Amino acid sequence: MIPFLDLKAINGQYRDELIAACIRVIDSGWYIAGNELAQFERAFASYCGTKHAIGVANGLDALVLTLRAWKEQGKFKEGDEVIVPSNTYIASILAISANGLVPVLVEADLATYNLCPAKTEAAITAKTRAILPVHLYGQLADMPRISDIAQRHNLLVLEDSAQAHGAELNGRKAGNWGDASGFSFYPGKNLGALGDAGAVTTNDDQLAETLRALRNYGSHEKYRNLFQGSNSRLDEIQAAMLSVKLKHLDTETAHRRKIAQAYLNGISNPAITLPAIQSGLNSSNSKLVNEAHVFHVFVIRCEQREALQKHLLKHGIHTLIHYPIPPHQQQAYKEWNMQSYPVSEIIHQQVLSLPMGPTVTMEDVKKVIAAINIFKI
């Protein structure tokens with residue numbers, strides 16, 4: 001069986017380094033808000049090209065707390081609108097709802113699966129205060145256009161970079177395009193911890209200070225609380241794990257791109273729609289893999305998805321669906337269930353994620369390509 005993602009093998013590559021980091025934390029006697037966190041925050045901020053990285057408990061909290069901080073700063077009030085893709089994992093939307101704000105769903109571009117800038121601008125109203133673009137599947141949204149729209153309409157931009165660690169466009173990485181960005185370090189992410197973890201990146205000093213308080217019960221100083229905060233701290237063990245893995249991220253990303261290039265070049269079955277790869281400003285070749293995409297997952301589309309998935313499983317290939325049910329059709333947002341977002345519905349009905357990751361071999365990739373190309377409707 002070719003696994004979709006083998007976390008044991010991925011972390012096994014760095015077993016000795018990870019164990020040494022664990023021992024270092026255990027022997028330090030300091031397990032929350034210590035040197036490991038400070039070191040990782042500095043390293044990750046430097047990697048993203050931002051002034052600040054603020055470690056938090058998970059990726060959802062990274063988004064929730066950023067929006068909450070802007071409310072505390074008077075930039076939002078309850079009932080204000082935040083534009084978010086209709087094609088996303090539900091966490092992007094939950095963060096908006098959790099702050100008493102109104103999610104405004106906007107369709108994606110069917111080719112890239114990311115937020116459509118033209119539809120984003122058309123959705124802006126007098127109550128719009130922010131845009132929350134999601135760099136879905138590892139590819140940066142069209143941030144030059146989204147940033148321009150935000151500037152012209154005086155809107156904040158909060159990137160959801162949970163799947164895009166290291167993705168870069170025009171010399172700027174994910175996490176350094178918006179006013180702030182939320183990252184997840186869930187174990188299956190490109191930069192994954194060995195448990196839940198997240199971070200916010202920003203160049204805004206005041207926002208960073210507010211976030212540091214909000215993640216720690218609203219306190220900058222023990223027993224003095226400026227805000228009604230929460231407990232959302234990235235602990236020392238996970239920070240140490242992430243420091244180890246950050247050193248290897250670019251190497252792993254290069255391998256992901258090699259796999260993606262092989263898929264793009266090798267899959268020729270007319271029943272399969274390959275992803276469109278954003279290639280920057282100087283190339284029109286949709287099959288050119290470049291630094292704007294880090295391939296958290298490699299997603300194809302097929303109208304006969306169920307049959308294709310069964311076919312691949314018979315050939316020993318494990319696949320997953322990201323994601324089977326769009327947010328507007330979830331019970332959690334039953335008030336949206338009768339609304340129609342045709343592009344998102346097509347995507348959710350047809351997408352299938354192929355094996356992708358730093359331990360997937362090129363021999364595995366050849367087998368996946370061969371199996372896909374013999375699939376018949």
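Index from 1, following the sequence. Just so you know, these numbers use all the heavy atoms, side chains as well, and skip hydrogens, waters and symmetry mates. The structure presented is a predicted model; accordingly, all values stated were derived computationally and were not measured.
Ion pairing of K71 with E78 is present here, as a side-chain N (NZ or NE/NH1/NH2) and a carboxylate O approach within less than 4.0 Å. Under a 4.0 Å N-O distance rule, the pair E121/R145 does not qualify as a salt bridge. A salt bridge is defined here as a Lys NZ or Arg NE, NH1 or NH2 lying under 4.0 Å from an Asp or Glu carboxylate O, and R256 with E252 fails to meet this definition. A salt bridge links R215 with E41: the distance from a Lys NZ or Arg NE/NH1/NH2 to an Asp or Glu carboxylate oxygen falls below 4.0 Å. With salt bridges taken as basic N to acidic carboxylate O contacts below 4.0 Å, none links D364 and K367.
Using a 4.5 Å cut-off on side-chain heavy atoms (C-beta onward), F183 and C48 make contact. The shortest distance between side-chain heavy atoms of D179 and L158 does not fall below 4.5 Å. Inter-residue side-chain proximity for M143 and N170 is flagged as unmet; no heavy-atom pair is nearer than 4.5 Å. Contact of the Q238 side chain with the M241 side chain is registered, since non-hydrogen atoms from C-beta on lie closer than 4.5 Å.
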* **Worked verdict on H165 versus F185 for ring-ring contact (aromatic ring centres under 6.0 Å, His included)** => CA-CA 9 Å; H165 315 75; F185 304 123; 5.7 Å; yes
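Placement of V299 and L5 within a single hydrophobic cluster is found when ILVMFWY residues are connected by side-chain heavy-atom separations under 4.5 Å, directly or transitively. L110 is connected to L352 through a chain of hydrophobic side-chain contacts under 4.5 Å among Ile, Leu, Val, Met, Phe, Trp and Tyr, so both are in one cluster. Y89 and L101 fall within the same hydrophobic cluster, defined by Ile, Leu, Val, Met, Phe, Trp and Tyr side-chain heavy atoms under 4.5 Å apart, directly or through other members. Side-chain heavy atoms closer than 4.5 Å link hydrophobic residues (I, L, V, M, F, W, Y) into clusters, and following such links, even through other members, never connects L63 to L234. Residues I54 and Y217 are members of separate hydrophobic clusters, defined by side-chain heavy-atom contacts under 4.5 angstrom among Ile, Leu, Val, Met, Phe, Trp and Tyr.
No side-chain donor from either of N216 and K222 sits under 3.5 Å from a side-chain acceptor of the other. Using a 3.5 Å distance cut-off with no hydrogens or angles, the side chains of S344 and S86 do pair a donor with an acceptor. No hydrogens or angles considered: nothing links the side chains of D142 and N114 as a donor-acceptor pair under 3.5 Å. Between the side chains of H328 and E345, at least one donor N or O lies within less than 3.5 Å of an accepting N or O. Donor-acceptor pairing under 3.5 Å is lacking for the side chains of H348 and Q329. A side-chain N or O of S92 and one of D160 form a donor-acceptor pair less than 3.5 Å apart. With hydrogens and angles left out, the side-chain atoms of T125 and E81 include a donor and acceptor closer than 3.5 Å.
Open room surrounds NZ on K366; 12 or fewer heavy atoms of other groups in view lie less than 6.0 Å from it. Around the CG atom of N154, the shell of radius 6.0 Å holds no more than 12 heavy atoms that belong to other residues, nucleotides or ligands. More than 12 heavy atoms of other shown residues, nucleotides or ligands fall within 6.0 angstrom of atom OH in Y323. Residue-environment remark: CD (Q339) exceeds the threshold of 12 foreign heavy atoms within 6.0 Å. Atom CE of M1 is surrounded by more than 12 heavy atoms from other residues, nucleotides or ligands within 6.0 Å. Within a 6.0 Å sphere centred on CZ of R152, heavy atoms belonging to other residues, nucleotides or ligands number more than 12. Summarising the local packing, CD of E335 is surrounded by more than 12 heavy atoms from other residues, nucleotides or ligands at distances under 6.0 Å.
Taken to the nearest 0.5 Å, the CD1 atom of I2 stands 10.5 Å off from the CG atom of L354.
Note: H311 and H315 have tilted aromatic rings, judged against thresholds of 30 and 60 degrees for the angle between ring planes.
The distance between the ring centers of H322 and Y113 does not fall below 6.0 angstrom.
Residues W70 and V157 share a closest heavy-atom pair of CH2-O, 3.9 Å.
Tested against P327 for a side chain to side chain contact (heavy atoms under 4.5 Å, CB included), the candidates I93, N87, V84 yield a single pass: I93.
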